[in-house]
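One-based numbering, in listed order, for ligands and for the atoms of each. Owing to the predicted nature of the structure, the values given are computational and were not obtained by experimental measurement.
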Amino acid sequence: MTVAPSAPQPDTSLVRLLAGWLPRQRWFGGKDGPIHDLTIGTATELLHGDPSLHHLVLDVRQDDTTDHYQLLLGARRDLPEHLAPVAIGRLESPGLDITGYVYDAAHDAELTRPLLGLMADERTVGPLTFRRAPGTGIRTDLDAAPIPGEQSNTSLIFGDAYICKLFRRLSPGVSPDLEVNLALSRRGCEHVPNVHGWIELQPGALGTANGSAPDASAGGTDSGGDEPVTLALLSEFLRTATDGWQLALTSVRDWFAQPAPPGPPEPPSAPTTRDAGAAGGDFAAEAERLGAATAEVHRDLAAAFGVTQAPPELLREIVFAMHEQLDQVSAAVPQLRPYAPAIREVFDRVAAEAAPLPFQRVHGDYHLGQVLRTDSGWTLLDFEGEPARTPAERRAPAHPLRDVAGMLRSFEYAARFLLAREGDLPPEASDELELRAQAWAEWNRAAFCAGYAAAGGPDPAAHATLVRAFEFDKAVYEIRYEARNRPSWLPVPLRSLARLAG
Ligand SMILES: Nc1ncnc2c1ncn2[C@@H]1O[C@H](COP(=O)(O)OP(=O)(O)O)[C@@H](O)[C@H]1O
Ligand SMILES: O=P(O)(O)O[C@H]1O[C@H](CO)[C@@H](O[C@H]2O[C@H](CO)[C@@H](O)[C@H](O)[C@H]2O)[C@H](O)[C@H]1O
């Protein structure tokens with residue numbers, strides 16, 4: 001690592017500690033290559049004393065790209081044992097008025113509790129502004145713990161009342177998650193959690209505060225350069241919720257555990273909601289309700305952000321981008337290549353369509369892990385779009401069936417997830433389970449589509465080629481995502497692609 005000469009370097013040892021620590025974090029997006037420069041873009045002291053709390057934006061250059069990461073840095077003279085696992089190191093010399101042990105303060109309830117007060121009082125500290133959502137109150141007496149598990153961001157649960165998502169890699173402008181949640185809440189949409197507050201960084205502070213040249217990721221060529229940058233989002237915590245992925249996997253497990261009928265396995269018959277219940281796949285009624293909730297959210301998104309008629313040229317550009325992604329992923333993942341001709345043929349059929357299509361704001365990265373089932377129904381989360389897309393792409397209007405295709409892929413994932421990890425099963429058991437997986441996916445996909453169309457969404461069956469193209473595009477994206485992030489999961493999208501393209 002080298003240190004950018006133009007950047008203020010108040011404490012080289014802090015920068016060096018951070019450069020060693022950052023690549024080990026789950027949420028660090030640049031694991032593919034080395035860090036060339038790491039500088040502290042902004043440093044804001046939020047709490048003075050021992051312990052002290054500092055908000056840092058780290059500007060991380062890798063090749064020609066500069067990414068910005070947010071860190072709540074805690075500092076203490078002595079580090080208690082419970083914070084040892086999140087230690088970043090011990091500063092040999094003080095800098096930025098920070099001394100002693102430094103650590104990831106997201107894990108220190110003593111330091112995260114005051115964030116609630118700052119939002120409740122709508123305070124401004126340096127370039128940071130803490131906001132309370134209009135018409136809401138914020139309790140300030142709650143301790144937080146980060147949610148366990150691997151995440152792209154870090155979410156803190158305050159008591160049983162709030163969940164606060166701290167965005168790790170920062171994008172320019174207002175986060176689509178905040179923007180969409182506020183717009184939907186204003187319309188009384190019951191399928192999103194209430195927003196209570198948020199934290200933002202003043203416009204222009206990303207990538208320019210340290211004198212480095214503005215870059216694409218900091219808003220130079222992208223949307224959002226004049227807007228505040230969303231740093232965190234405080235929402236109602238839905239304590240009775242279970243996420244759709246867990247519910248679906250439980251249903252698949254039950255279905256796989258049913259005794260096998262004697263004789264060779266039967267191919268699945270035409271799906272109905274009742275079949276799925278009989279099959280132990282008790283999820284179909286939920287899938288249908290989820291389809292309806294999705295259509296209702298799409299309707300509210302259309303009302304809040306408007307609908308445009310996308311001309312055929314735009315559709316051709318989109319198809320061009322689908323081909324490009326397929327080229328790139330096929331080059332990197334050879335197992336995808338045998339399916340490419342079938343995929344390209346479907347893409348080209350969509351490009352040949354002549355009629356304009358209604359485009360609107362959509363979820364953008366819709367899957368079973370983004371929906372929660374509460375006592376009262378389905379709630380949709382995380383309107384950030386796909387993490388690998390640019391901020392402008394994530395906010396761009398799209399056809400709503402793109403979300404439908406995302407969820408259809410997720411049913412495939414859930415059906416095949418257990419199977420892809422059962423490599424040592426005897427071949428007969430594998431065949432039987434493969435048919436069961438296929439049946440589960442078909443029942444639930446059909447139920448979801450039926451619920452979506454019945455609640456007023458465009459009927460997926462009437463746009464079969466478009467849905468298939470979106471599904472293929474998502475599958476290609478997933479193959480790249482898994483190859484990069486979870487190689488042991490790669491067989492999941494590959495196996496389902498074999499069926500989809502077969
Ligand atoms: N309002 C909420 N109530 C309860 N749990 C939530 C809520 N929002 C998020 N979660 C939980 O936190 C997880 C991560 O949230 P998400 O917004 O998808 O973050 P990330 O961008 O890090 O993936 C979700 O899968 C869900 O289990
Ligand atoms: O939730 P994120 O915004 O971080 O989305 C990314 O990660 C997802 C995995 O956590 C990934 O989703 C894929 O795996 C899911 C099961 O874990 C499955 O339900 C989805 O259908 C599948 O796409 C998502 O693609 C990625 O953008």
- Message: Check this for me, if you would: do Asp382 and Lys165 make a salt bridge, where the nitrogen-to-carboxylate-oxygen distance has to be below 4.0 angstrom?
- Response: yes

- What do you reckon, are the aromatic ring centroids of Phe283 and Trp255 less than 6.0 Å apart? no

- Task: In plain terms, say whether Lys474 and Asp365 are close enough for a salt bridge, that is, a side-chain N and a carboxylate O under 4.0 Å apart.
- Result: yes

- Note on the structure: Under 4.0 Å from ligand 1, residues with heavy atoms, in chain and number order, are Ile147, Gln151, Ser152, Asn153, Ile163, Lys165, Pro193, Glu236, Phe237, Leu238, Gly369, Gln370, Leu372, Leu381, Asp382

- Item | Closest non-hydrogen atom pair, Leu231 against Leu128 | CD1-CG, 3.9 Å

- Message: If the threshold is 4.0 Å, N to carboxylate O, is there a salt bridge linking Glu434 and Arg499?
- Response: no

- Query: Should the ring pair Phe359 and His399 be called parallel, tilted or perpendicular, given that the plane angle runs from 0 to 90° and is split at 30 and 60?
  - Reply: perpendicular

- Task: Kindly assign one of parallel, tilted or perpendicular to the pair Tyr69 and Trp27, based on the angle between their ring planes and the thresholds 30° and 60°.
- Result: tilted

- In terms of heavy-atom contacts, Arg113 and Asp141 come closest through CD-C, 4.5 Å

Check: every ligand 2 N/O to protein N/O pair under 3.5 Å:
from: ligand 2; atom 1: 1 (O); to: His367; atom 2: NE2; distance (Å): 3.2
from: ligand 2; atom 1: 3 (O); to: Asp365; atom 2: OD2; distance (Å): 3.0
from: ligand 2; atom 1: 4 (O); to: Ser152; atom 2: OG; distance (Å): 2.9
from: ligand 2; atom 1: 5 (O); to: Asp365; atom 2: OD2; distance (Å): 2.9
from: ligand 2; atom 1: 7 (O); to: Tyr481; atom 2: OH; distance (Å): 2.9
from: ligand 2; atom 1: 14 (O); to: Arg486; atom 2: NH2; distance (Å): 3.0
from: ligand 2; atom 1: 17 (O); to: Arg486; atom 2: NH1; distance (Å): 3.4
from: ligand 2; atom 1: 17 (O); to: Arg486; atom 2: NH2; distance (Å): 3.4
from: ligand 2; atom 1: 19 (O); to: Ser410; atom 2: OG; distance (Å): 2.7
from: ligand 2; atom 1: 21 (O); to: Ser410; atom 2: OG; distance (Å): 3.1
from: ligand 2; atom 1: 23 (O); to: Glu478; atom 2: OE2; distance (Å): 2.7
from: ligand 2; atom 1: 27 (O); to: Asp365; atom 2: OD1; distance (Å): 3.3
from: ligand 2; atom 1: 27 (O); to: Asp365; atom 2: OD2; distance (Å): 2.9
from: ligand 2; atom 1: 27 (O); to: Tyr477; atom 2: OH; distance (Å): 2.6

- Query: If you take all heavy atoms of Gln62 and Gly33, which pair is closest and at what distance?
  - Reply: NE2-O, 2.8 Å

